[in-house]
Visitor: 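Before anything else, here's the structure in question.
The figures here come from the full heavy-atom set of this structure, side chains too, leaving out hydrogens, waters and symmetry mates. Count residues from 1 along the sequence.
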Amino acid sequence: MNKSFLCIILARSGSKTIKDKNITQINGKPLIWYTIKEAISSKVFEDIIVSTDSKKYAKICKNFGVSVPFLRPKYLSTGKSKAVDALKYTLRKFEKTNNKKYDFIMELMCTNPLKTAGDIQNVAKIQKKTNADSVIAVHRVEDGHPIRAKKIVNGKIRDFCMKETPETHRQDLKPNAYFRSGSIYSMTRKNLLKGIRYGTKDSIAYILPKHRVINIDEKLDLEFAKFLIEKNEN
């Protein structure tokens, strides 16, 4: 039996560091367009919906061919709101409205515009094959390896969580360390309804190459994203 995927793209309107960040222009297109384009191109999803609190955002996204079935409540759209709560609310309401259920939910974060349709397809394949609680996009870190993290105790430098051998080259730091990329989160319907987006022992990594990872939080990130997208397009 085929397993069904629902894609949810969260796009609240209240960003403070970059006003209207999710629809800010990057090389002539709103930021969210890059994620919508790859979601549609992947042909993975039975439905693709944007969850937003903004009528303006909703109109823009509908013009790109995705559904915005309702506006998200303000209490789920603040800077302190949890993504898992917004996802759970959106899933429940959308399923109730459409009288249907999905096997998996994949959240695509529009603040990381470098993911590709191929990445989405690969995550979906892993999710269907393993039925894992979640499949999460990650990327390897080197300069930020946790062995090099320190704390200060009474003015003295101390190892934070792992002992560092002095003069170790970064390529020799083991085991390899990975960060969540803030790009793709796929999960079972069951776990999302429990309020679990990631973090169980049955969470599988999908490794993104570093050149397809950027989280747009600050204006400098935005400028770097413009550079990378223009470079890729050329």
Side-chain angles (χ1 to χ4, degrees), residues 6-27 29-39 48-64 66-94 105-115 120 134-139 141 144 146 149 178-187 191-200 203 208 212-226 228-229:
L6 170 66
C7 173
I8 301 178
I9 302 170
L10 300 180
R12 74 181 186 90
S13 60
S15 174
K16 293 182 178 179
T17 54
I18 303 173
K19 182 176 173 57
D20 282 329
K21 175 172 64 176
N22 291 319
I23 60 169
T24 193
Q25 294 286 307
I26 294 186
N27 296 355
K29 298 289 185 181
L31 173 60
I32 197 169
W33 176 82
Y34 292 93
T35 293
I36 291 173
K37 175 173 68 78
E38 299 304 321
I48 302 171
I49 62 175
V50 172
S51 175
T52 182
D53 59 319
S54 165
K55 291 181 180 180
K56 179 181 179 181
Y57 283 27
K59 182 178 180 180
I60 290 171
C61 293
K62 287 177 182 177
N63 288 337
F64 293 141
V66 294
S67 174
V68 188
F70 44 79
L71 294 182
R72 196 188 334 153
K74 293 295 182 183
Y75 76 91
L76 290 172
S77 306
T78 71
K80 294 184 178 180
S81 300
K82 294 180 180 179
V84 69
D85 293 333
L87 291 170
K88 187 166 64 171
Y89 169 88
T90 302
L91 171 65
R92 281 176 169 166
K93 185 160 185 175
F94 189 68
I105 291 78
M106 192 182 298
E107 178 198 5
L108 300 180
M109 299 185 69
C110 55
T111 50
N112 191 325
L114 303 180
K115 71 184 81 61
I120 296 167
S134 58
V135 181
I136 309 299
V138 301
H139 60 280
V141 293
Y178 299 87
F179 285 169
R180 284 182 285 111
S181 302
S183 181
I184 306 172
Y185 290 83
S186 180
M187 65 213 80
N191 273 273
L192 178 55
L193 291 178
K194 288 180 180 178
I196 301 172
R197 183 163 161 248
Y198 62 90
T200 72
S203 186
L208 284 172
R212 289 209 299 277
V213 177
I214 185 169
N215 280 302
I216 298 178
D217 291 320
E218 308 290 340
K219 290 183 178 180
L220 184 60
D221 301 327
L222 190 61
E223 294 305 314
F224 188 43
K226 290 178 180 178
L228 290 175
I229 288 172

Visitor: What's the verdict on side chain to side chain contact (heavy atoms under 4.5 Å, CB included) for L192 and V84, showing C-alpha distance, side-chain angles and the deciding distance?
Guide: CA-CA 7 Å; L192 178 55; V84 69; 3.9 Å; yes
Visitor: Looking at K21 and L31, would you say the former's side chain and the latter's main chain have a donor-acceptor pair under 3.5 Å?
Guide: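 Checking the backbone N and O of L31 against the side chain of K21, no donor-acceptor pair under 3.5 Å is found.
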Visitor: Keeping the roles fixed (side chain from Y89, backbone from P73), state whether a donor-acceptor pair exists under 3.5 Å.
Guide: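 Absent.
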Visitor: Closest approach of V141 and F179, non-hydrogen atoms and distance?
Guide: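 Heavy-atom minimum between the residues: CG1-CD1, 3.4 Å.
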Visitor: Treating N191 as the side-chain partner and M187 as the backbone partner, does any N or O pair qualify as donor plus acceptor under 3.5 Å?
Guide: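 Such a contact is absent between N191 side chain and M187 backbone.
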Visitor: For Y185 and Y198, take the angle between the two ring planes, folded into 0 to 90°, and tell me which bin it lands in: parallel under 30, tilted 30 to 60, perpendicular over 60.
Guide: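 Rings of Y185 and Y198: tilted, as their planes differ by 30° to 60°.
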Visitor: Working to the nearest 0.5 angstrom, can you tell me the gap between I105 CD1 and L91 CG?
Guide: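 Interatomic distance, I105 CD1 to L91 CG, rounded to 0.5 Å: 4.5 Å.
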Visitor: Heavy atoms only: give me the nearest T35-C110 pair and the separation to one decimal.
Guide: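 For T35 and C110, the tightest heavy-atom pair comes out as OG1-CA, 3.3 Å.
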Visitor: Do I136 and R197 touch side chain to side chain, with heavy atoms closer than 4.5 Å?
Guide: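 Heavy-atom side-chain distance check fails, nothing below 4.5 Å.
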Visitor: Hey, are the side chains of D221 and N215 touching, using non-hydrogen atoms and a 4.5 Å cut-off?
Guide: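 Counting from C-beta outward, D221 and N215 never come under 4.5 Å.
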Visitor: Any side-chain heavy-atom pair from Q25 and P30 closer than 4.5 angstrom?
Guide: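 Side chain of Q25 against side chain of P30, heavy atoms only: contact under 4.5 Å found.
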Visitor: Give a yes or no on whether the backbone of H139 and the side-chain of S181 come within a donor-acceptor separation of less than 3.5 Å.
Guide: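 Yes.
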Visitor: Out of curiosity, I32 CD1 to L10 CG, how far, rounded to the nearest 0.5 Å?
Guide: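 Going from CD1 on I32 over to CG on L10, the span is 9.0 Å.
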Visitor: Of I49, I9, T52, I60, which meets side-chain contact (heavy atoms from CB on, under 4.5 Å) against V68?
Guide: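 Single pass found, and it is T52.
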Visitor: Apply side chain to side chain contact (heavy atoms under 4.5 Å, CB included) to I36 and C61, showing your working.
Guide: CA-CA 8 Å; I36 291 173; C61 293; 4.1 Å; yes
Visitor: Check the side chains of T78 and S81 for a donor-acceptor pair under 3.5 angstrom, ignoring hydrogens and angles.
Guide: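 There is such a pair between these side chains.
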Visitor: Verify whether one side chain among S54 and S13 offers a donor that lies under 3.5 Å from an acceptor in the other.
Guide: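 Note: S54 and S13 side chains miss the donor-acceptor criterion.
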Visitor: Side-chain contact, heavy-atom cut-off 4.5 Å: D20 with K56?
Guide: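 Yes - at least one pair of side-chain heavy atoms lies under 4.5 Å apart.
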Visitor: About how many Å separate NZ of K19 and NZ of K219, when rounded to the nearest 0.5 Å?
Guide: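 Rounded to the nearest 0.5 Å, the NZ-NZ separation comes out at 11.5 Å.
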Visitor: Is there a donor-acceptor pair closer than 3.5 Å between any side-chain N or O of R72 and the backbone N or O of S51?
Guide: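 Side chain of R72 to backbone of S51: a pair is present.
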Visitor: Can a donor-acceptor pair be found, under 3.5 Å and without considering hydrogens, that links the side chain of N27 to the backbone of K226?
Guide: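 Side chain of N27 to backbone of K226: a pair is present.
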Visitor: Taking all non-hydrogen atoms of both residues into account, name the closest pair between V138 and R180 and its distance.
Guide: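 In this case the closest contact between V138 and R180 is CG1-CA, 4.1 Å.
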Visitor: Checking L193 against K88 for the side chain to side chain contact (heavy atoms under 4.5 Å, CB included) test, could you report, in this order, the C-alpha distance in whole Å, the side-chain angles of both residues, the deciding distance, and whether it holds?
Guide: CA-CA 6 Å; L193 291 178; K88 187 166 64 171; 4.2 Å; yes
Visitor: What class does the angle between the rings of F70 and F94 fall in, given that below 30° is parallel, 30 to 60° is tilted and above 60° is perpendicular?
Guide: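 Taking F94 first and then F70, their aromatic rings sit tilted (interplane angle of 30° to 60°).
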Visitor: Is there a side-chain contact between T111 and N22 (heavy atoms, below 4.5 Å)?
Guide: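 Sidechains of N22 and T111: in contact.
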Visitor: What's the separation between atom NZ in K29 and atom CD1 in I229, rounded to the nearest 0.5 Å?
Guide: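 The distance works out to 12.0 Å.
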Visitor: Taking atom CG of L76 and atom CG of L87, what is their separation to the nearest 0.5 Å?
Guide: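 CG of L87 is found 10.0 Å from CG of L76.
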Visitor: Hey, could you give me the CD/CD1 distance between E107 and I184, rounded to the nearest 0.5 Å?
Guide: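 Reported value, rounded in 0.5 Å steps: 10.5 Å.
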Visitor: Are K74 and D53 close enough for a salt bridge, meaning some N to O gap below 4.0 Å?
Guide: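 Result for this pair is yes, salt bridge flagged.
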